[in-house]
Amino acid sequence: MIKERFGAELDQCFRQGVEQGLWSAAAAGMYVVENSKRASHGDFSTNMAMVVAGKDRKNPREVAQHLVVMLGEKKDLVEKVELAGPGFVNVFIKPEVWQSVLPGVCEQNEKFGLSDVGAGRKVLVEFVSANPTGPLSVGHGRQAALGDAICRLLAATGHAVTREYYYNDAGRQMRVLGESVRARYLEQLGLPNEFPEDGYQGEYIRDIAAVMVKEHGDRLKDQVDVTPFKQSAEKAIFEDINGTLLRMGIKFDNYYNEHSLYDEGLVDDVVTILREKGLVYDQDGAVWFKTTKFGMEKDRVIIKSTGEPTYRLPDIAYHREKFRRGFDWMVNIFGSDHIATVPDVMAGIEALGYDQSKVTVVLHQFVTLLREGKQVKMSTRKATFVTVDELLDEVGPDVVRFFFLMRKADSQLDFDLDLATKQSQENPVYYMQYGHARLASIQRKAQELGVERGPLAEVSLELLVEPEEQSMLKSMAAYPELVNSAALALEPHRIIFYMQELAGQFHSYYSKHRVISDDLPLSKARLWLAEGLRIILDNGLTLIGVKAPDSM
RNA sequence: GCGCCCGUAGCUCAGCAGGAUAGAGCAACGGACUUCUAAUCCGUAGGCCACAAGUUCGAAUCUUGUCGGGCGCACCA
């Protein structure tokens, strides 16, 4: 907010310089304003002089000198301006300007930081999308936390968000699942059975079979078609998955069944359209998509010689439906093992005449689970994977979400179970939550003592002059910009890093200064400051789906 | 062999669009609770930003190459 104001003033100085013939307009839009890293460099600094000098072949320090004079005249915003180094211009903002951010924070309260940069654009975010073959594992957990936080960020920035879960209950995987259940069913009836070679060995299969024995007795023992087993399994597993997601606080708006694409002839449509465009051909009994036309190394099969489509075809049809449903932006969140599918689908979108730049794929790297410092090996087929439910049992939803979000998606993530389990200083989750609890506690204490912070308009905010107070106000002013950039970059981890920093500033301040004291005007100002901090911690935690407790 | 991601302090990682003396947490060491919650704070120590070249006023950041780790490269999803 303040940075934008300063940026506008700087632009005006630039234009003024052009008018006065001090420099050309060549550098327009090429210079930047940044937050100074060092207090001695002021609040903001700009490289404008160096960029201008580079374009016009002038001496940067001379250009900077002009700028220093011009900025010095912005007396309602600027305290002082300094020329430094090779031509940086460092600007110190007046304390009262920083103090003025506080009323905005407190009045907007839970709305502070929200924006409408999304302008109501319709965004479809697809994530988790695990087929119902078993409980959600740790990898899905990362995707769930990431996807949901991205949705929250997009919603906070004025996008109309739809959360969608895409699944397939018709493929080979599901058939094997049905066969696995049947084998356990027969086993529990004491009948001969053959467990599929690549069957699902998890205990949950036995549970599903047991329910079937209870409901149907041995009536299904001669059942040749696996459908009833498959259906029971799907139902039970989806209930389980949804239960897990709900424990994490995640609700989808829509579940999209791949099968419906076939029922509505949408898969055939794609083949027909591509064939008409000459982008498809038959060879060796299979149908091939000319992906080489879209810069890929070789063509890909979309219908196998058995007549079954490969996963690409319904994926393409699904994306075509996303476009036809009128979304302006489609965000797909995939594990890095799905990298290979991305170019295929993108080629399909392009081939069908849609704009692939409207599709953004967020790939996240794998999760390594550590227990006692050692990696826990996981396999879906064997029962050796750790489920999200187990994580939730051990550490609770706040810790789970936090750990999954604290790294950027590109990085591999170590989930250290021992660290996550610790309710101590080593566990970074509590740092922010504790900050919020402390801030809430201060307000309670003030009430107990009968110290009213009173109406904001009557509070002497000019008393907030401590360096710690100034720097917290500065951080607070940067929050809305942070939310915007995190949303547009689809990077929730930025919120976490910001809040760790803000909570740190507060903890440090807390141990150095007292909010409530004998000085009533000062107490009031600081109580409002504390309230502003609490609001931002609350809002930020909400964005990543972690609770902001009033006491711990 | 090819494609994508990663390589920054002992460990786990930030570093926004190239900017000034590279940051945080944990671990280590030394301190601080009669005062609004010590799940906290203060201090010390810790670095060839994997390596090499290039681009430029300036590179952890951009380009190329090398090395190391992860994930892919199906008529599986």
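Chain letters run A, B, ... following the sequence lines, proteins first, then strands; residues in each count from 1.
- Using a cut-off of 4.0 Å between Lys/Arg side-chain N and Asp/Glu carboxylate O, A:Asp550 and A:Arg534 are scored as not salt-bridged.
- Using a 4.0 Å heavy-atom criterion, one finds that A:Tyr510 contacts the bases of the nucleic acid, with or without backbone contacts as well.
- Side-chain atoms of A:Met552 lie closest to B:A39 of the nucleotides B:A77, B:C76, B:A39.
- No contact: A:Ser36 has no heavy atom under 4.0 Å from any strand.
- Ring orientation note: the planes of A:Tyr318 and A:Tyr166 are close to parallel, at an angle under 30° on the 30°/60° scale.
- The base of B:A20 lies outside donor-acceptor range of the side chain of A:Asn47, with no N or O pair under 3.5 Å.
- Here the nucleotide nearest the side chain of A:Ser441, chosen from B:U37, B:C71, B:C41, is B:U37.
- Of the candidates B:A20, B:A39, B:A74, B:A39 carries the atom nearest the A:Tyr434 side chain, counting heavy atoms from C-beta on.
- Considering only the side chain of A:Arg172, B:C76 comes nearest among B:C73, B:C36, B:C76.
- Taking the nucleotide of RNA chain B with the nearest heavy atom to each of A:Ile516 and A:Ile303, the more 5' of the two is matched to A:Ile516.
- Within the nucleic acid shown, A:Gln500 has no heavy atom closer than 4.0 Å to any nucleic acid atom.
- When rounded to the nearest whole Å, the span between CZ of A:Phe403 and C1' of B:C13 equals 13 Å.
- Comparing B:A39 with B:U44, their C1' atoms are spaced 24 Å from each other, to the whole Å.
- Between the base of B:C75 and the side chain of A:Ser305 there is a donor-acceptor pair shorter than 3.5 Å.
- In the set B:C75, B:A38, B:C36, the nucleotide with an atom closest to the side chain of A:Ala286 is B:C75.
- Residues that satisfy the ring-ring contact (aromatic ring centres under 6.0 Å, His included) test with A:Phe92, not counting sequence neighbours, are absent from this structure.
- A straight line from CD of A:Gln412 to P of B:C13 spans 8 Å, rounded to a whole angstrom.
- Contact annotation for A:Phe88: base contact, defined as any heavy-atom pair under 4.0 Å involving a base atom.
- Atom CG in A:Leu313 sits roughly 15 Å away from atom C1' in B:C76 (whole-Å rounding).
- Between the base of B:A20 and the side chain of A:Ser45 there is a donor-acceptor pair shorter than 3.5 Å.
- Proximity note for A:Ser508 (side chain, C-beta onward) versus B:C41, B:U37, B:C75: the nearest is B:C41.
- Per the geometry, CE belonging to A:Met499 stands 20 Å off P belonging to B:A39, to the nearest Å.
- Using a 30° and 60° split on the angle between ring planes, A:Phe238 and A:Tyr167 fall in the perpendicular class, above 60°.
- Judged purely by distance below 3.5 Å, without hydrogens or angles, the side chains of A:Glu501 and A:Ser475 never pair a donor atom with an acceptor atom.
- With respect to the salt-bridge test (charged N to carboxylate O, under 4.0 angstrom), the residues A:Lys322 and A:Glu164 do not qualify.
- A:Leu83 meets the side chain to side chain contact (heavy atoms under 4.5 Å, CB included) test with A:Arg61, A:Ala64, A:Gln65, A:Val68; sequence neighbours excluded.
- Nucleotides B:A45 and B:G25 place their P atoms 15 Å apart, quoted to the nearest Å.
- A cation-pi arrangement, defined by a distance under 6.0 Å to the six-membered ring centre and an angle within 45 degrees of its axis, is present between A:Arg438 and A:Tyr510.
- Closest to the A:Tyr311 side chain, of the nucleotides B:A77, B:U37, B:C36, is B:A77.
- For the C1' atoms, the distance from B:A60 to B:C2 is 28 Å, rounded to whole Å.
- Ring geometry, A:His338 versus A:Phe334: the interplanar angle falls from 30° to 60°, so the pair is classed tilted.
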Q | Which nucleotides of RNA chain B pair, in dot-bracket form (Watson-Crick or G-U under 3.5 Å, | meaning another strand) | A | (((((((..((((.....[...)))).(((((.......))))).....(((((..]....))))))))))))....
Are there any protein N/O atoms within less than 3.5 Å of an N/O atom in nucleotides 15-17 of chain B, and if so, which ones and at what distance?
| residue | atom | partner | partner atom | Å |
| --- | --- | --- | --- | --- |
| B:G15 | OP1 | A:His493 | NE2 | 3.4 |
| B:G15 | OP2 | A:Lys408 | NZ | 3.4 |

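- Under the 3.5 Å distance criterion, with hydrogens and angles disregarded, a donor-acceptor pair is assigned to the side chains of A:Thr292 and A:Asp299.
- Among the nucleotides B:C75, B:C13, B:U37, the one closest to the side chain of A:Arg407 is B:C13.
- For A:Pro86, the listed nucleotide lying nearest its side chain is B:G19; candidates were B:C76, B:C2, B:G19.
- As rounded to whole Å, 14 Å separates atom C1' of B:C57 from atom NZ of A:Lys55.
- Going from atom CZ of A:Arg142 over to atom P of B:C71 covers 14 Å, rounded to whole Å.
- The residue A:Lys304 sits close to a base: some heavy atom pair falls under 4.0 Å.
- Nucleic acid contact class of A:Met50 (heavy atoms, under 4.0 Å, all strands): base.
- If you check residues 333-342 of chain A against RNA chain B, the residues with a heavy atom closer than 4.0 Å are A:Ser336, A:Asp337, A:His338, A:Ile339, A:Ala340, listed by number.
- The backbone N or O of A:Val128 sits less than 3.5 Å from a side-chain atom of A:Gln143, completing a donor-acceptor pair.
- Looking at heavy-atom distances under 4.0 Å, A:Ala446 makes no contact with the nucleic acid at all.
- Taking atom CE of residue A:Met472 and atom C1' of nucleotide B:C41, one finds them 14 Å apart after rounding to whole Å.
- Nearest to the side chain of A:Asp410, among B:C5, B:C36, B:A77, sits B:C5.
- Nucleic acid contact for A:Asp550: base, since at least one base atom lies under 4.0 Å from a heavy atom of the residue.
- The CG-P distance, from A:Leu520 to B:C36, rounds to 19 Å in whole Å.
- Contacts of A:His513 with the nucleic acid, taken as non-hydrogen atoms under 4.0 Å apart, include base atoms.
- With sequence neighbours excluded, no residue satisfies side chain to side chain contact (heavy atoms under 4.5 Å, CB included) with A:Ala478.
- Of the residues near RNA chain B, A:Gly285 and A:His507, the one whose nearest nucleotide (by heavy atom distance) lies more toward the 5' end is A:His507.
- Contact annotation for A:Asn90: base contact, defined as any heavy-atom pair under 4.0 Å involving a base atom.
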